[in-house]
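Just below is one structure, and these are the notes that go with it.
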Amino acid sequence: MKALVTRLDSFGDVLLAGPAVRAVAARADHVTMVCGSRGAPAARLLPGVDEVLVWEAPWGGFEPPDVSRADIDALVERVDADTALILTSFHQSPLPTALVLRLAGVRYIAADSEDYPGSLLDLRHHRAPHAHEAEAALDLAEAAGFPAPDDGRLRVRTPPRADALTGPGPYVVLHPGASVPARAWSPGRAAEAVRELAAAGHRVLVTGGPGERGLTAHVAGAHGTDLGGRTDAPTLAGVLAGAAAVVTGNTAPAHLAAAVGTPVVSLFAPVVPAERWRPYGVPYVLLGDQDAPCADSRARDCPVPGHPCLNTVTATDVAAAVEKLIAVAQPMGET
């Protein structure tokens with residue numbers, strides 16, 4: 001059987017699809033993953049993925065391309081699968097993707113859909129109302145005939161050792177950036193947390209992408225080690241795997257940390273619900289006002305002056321959460 005799994009969103013969204021991908025891979029001979037350019041590096045980390053097709057959907061992403069018949073025709077020509085799972089967030093429709101896959105000749109297509117699918121879906125599945133994104137994807141896979149073959153946690157392929165970047169001895173990672181501004185802690189607060197963690201005896205590594213070097217340099221200051229722009233996806237996985245704890249917002253490194261089994265202090269802006277997007281499968285501490293006025297708004301920029309949902313979190317709060325995660329090996333759950 002040739003199977004295809006689509007997740008057309010960002011890096012973290014693709015990581016959350018990992019358990020469902022492994023379920024499909026346990027029964028398929030070949031698994032292709034279709035995702036956008038932002039999710040492709042994550043897809044290449046997932047166990048069970050044999051091939052990655054990169055495609056920018058006109059109905060996904062922060063800056064979707066214009067609709068192009070030639071572009072859609074090119075994808076239709078590239079798709080070679082018997083069965084497909086379309087993974088979407090709770091607020092997205094799978095039906096445009098299903099139409100393209102039907103045109104590509106995929107015989108069996110399964111997806112969560114509240115909208116009437118006509119002949120576009122063979123399995124119209126309804127997700128549980130409060131399911132985490134990883135669990136919702138696994139539920140769909142099982143309904144489509146792909147039961148979970150393992151514990152269902154997030155996983156990535158074994159990352160490379162990152163000792164040359166991290167140096168010897170234990171350390172904590174702080175990742176101050178976020179994919180959208182509404183989910184980011186303020187740089188000032190993050191810099192305070194680095195100083196407080198260092199004062200408590202922790203080595204602090206500050207990570208960020210190539211476009212975040214100014215941010216990571218400011219946050220690291222004289223008390224942390226600036227790794228901004230120095231880690232691709234596999235290397236970042238290696239850095240996070242060696243950390244005692246990771247401090248980050250609701251963004252990709254939170255899910256990558258969970259995929260390598262590292263506890264997470266989650267600075268979680270409630271613009272999306274934590275029950276669906278919190279760190280999955282590892283010990284975590286959730287910080288941030290989950291009842292703030294921005295809750296469930298899906299805002300990219302904070303709609304409330306002062307960003308109170310996160311800026312009420314102090315460096316002391318973060319330092320205490322780090323100590324708690326390091327000191328106590330506890331079951332997964334909010335603390």
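Quantities reported herein were computed from a predicted structural model and do not represent experimental measurements.
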Counting only N and O atoms by type, is there a donor-acceptor contact under 3.5 Å from the side chain of [X] to the main-chain atoms of [Y]?
X: Gln290; Y: Gly288; result: yes
X: His307; Y: Ala182; result: yes
X: Ser89; Y: Gln92; result: no
X: Arg276; Y: Glu133; result: no
X: Asp71; Y: Ser68; result: no
X: Asp317; Y: Thr314; result: yes
X: His202; Y: Val204; result: no
X: Thr251; Y: Pro253; result: no
X: Arg213; Y: Asp226; result: no
X: Arg44; Y: Val52; result: no

task = Output, in order, the C-alpha distance, side-chain angles, deciding distance and verdict of side chain to side chain contact (heavy atoms under 4.5 Å, CB included) for His132 and Leu16.
result = CA-CA 9 Å; His132 192 281; Leu16 292 175; 3.8 Å; yes
When you compare the side chain of [Y] with that of [X], does any pair of heavy atoms fall below 4.5 Å?
X: Leu4; Y: Val106; result: no
X: Arg298; Y: Val272; result: yes
X: His255; Y: Asn250; result: yes
X: Leu267; Y: Leu286; result: no
X: Asp80; Y: His30; result: no
X: Phe11; Y: Arg38; result: no
X: Arg78; Y: Trp55; result: no
X: Pro147; Y: Arg27; result: yes

ask   = Hey, are His91 and Glu114 close enough side-chain-wise for a donor-acceptor pair under 3.5 Å?
value = no
message = We want to know whether Thr166 and Asp163 form a side-chain donor-acceptor pair, criterion being a heavy-atom distance below 3.5 angstrom.
response = no
Atom [atom1] of [X] and atom [atom2] of [Y]: how far apart are they, to the nearest 0.5 Å?
X: Ser266; Y: Arg278; atom1: OG; atom2: CZ; value: 10.0 Å
X: Trp185; Y: Glu192; atom1: CH2; atom2: CD; value: 7.5 Å
X: Trp277; Y: Arg183; atom1: CH2; atom2: CZ; value: 7.5 Å
X: Arg124; Y: His126; atom1: CZ; atom2: NE2; value: 4.5 Å
X: Cys35; Y: Glu56; atom1: SG; atom2: CD; value: 9.0 Å
X: Leu287; Y: Phe268; atom1: CG; atom2: CZ; value: 12.0 Å

query = Below 4.0 angstrom, N of the basic side chain to O of the carboxylate: do Arg22 and Asp150 qualify?
reply = yes
task = Output yes when Asp82 and Lys2 qualify as a salt bridge under the 4.0 Å nitrogen-oxygen rule, no when they do not.
result = no
Using side chain to side chain contact (heavy atoms under 4.5 Å, CB included) as the criterion, point out the one residue from [options] that pairs with [X].
X: Thr6; options: Leu87, Thr32, Ile109, Thr97; value: Thr97
X: Met33; options: Leu53, Val54, Val21; value: Val21
X: Leu165; options: Thr231, Thr207, Thr225, Leu205; value: Thr231

message = For Arg127 and Leu140: C-alpha separation, side-chain torsions, deciding distance, then whether side chain to side chain contact (heavy atoms under 4.5 Å, CB included) applies.
response = CA-CA 8 Å; Arg127 71 164 59 198; Leu140 173 62; over 6 Å; no
ILVMFWY network linking [X] to [Y], side-chain heavy atoms under 4.5 angstrom:
X: Val322; Y: Val285; answer: yes
X: Tyr171; Y: Val206; answer: no
X: Val271; Y: Val180; answer: no
X: Val265; Y: Val246; answer: no
X: Leu8; Y: Leu45; answer: no

ask   = Do other residues, nucleotides or ligands put more than 12 heavy atoms under 6.0 Å from the CZ atom of Phe62?
value = yes
inquiry  = Around atom CZ of Arg157, are there more than 12 heavy atoms from other residues, nucleotides or ligands closer than 6.0 Å?
reply    = yes
task = Check the pair Val313, Val318 against side chain to side chain contact (heavy atoms under 4.5 Å, CB included), reporting the backbone distance first and the verdict last.
result = CA-CA 8 Å; Val313 178; Val318 166; 4.1 Å; yes
Nearest heavy-atom pair of [X] and [Y]: which atoms, and what distance?
X: Pro41; Y: Ala233; answer: CB-CB, 4.1 Å
X: Gly48; Y: Val31; answer: O-CB, 3.3 Å
X: Pro263; Y: Ala244; answer: CD-O, 3.7 Å
X: Pro159; Y: Val260; answer: CG-CG1, 4.4 Å
X: Ala136; Y: Asp112; answer: O-OD2, 4.2 Å
X: Ala162; Y: Gly238; answer: CB-C, 3.9 Å

Step-by-step side chain to side chain contact (heavy atoms under 4.5 Å, CB included) determination, Leu95 to Ser113 = CA-CA 8 Å; Leu95 299 186; Ser113 183; 4.0 Å; yes
inquiry  = Can you list everything that forms a salt bridge (charged side-chain N to carboxylate O under 4.0 Å, His left out) with Asp50? Sequence neighbours excluded, please.
reply    = none
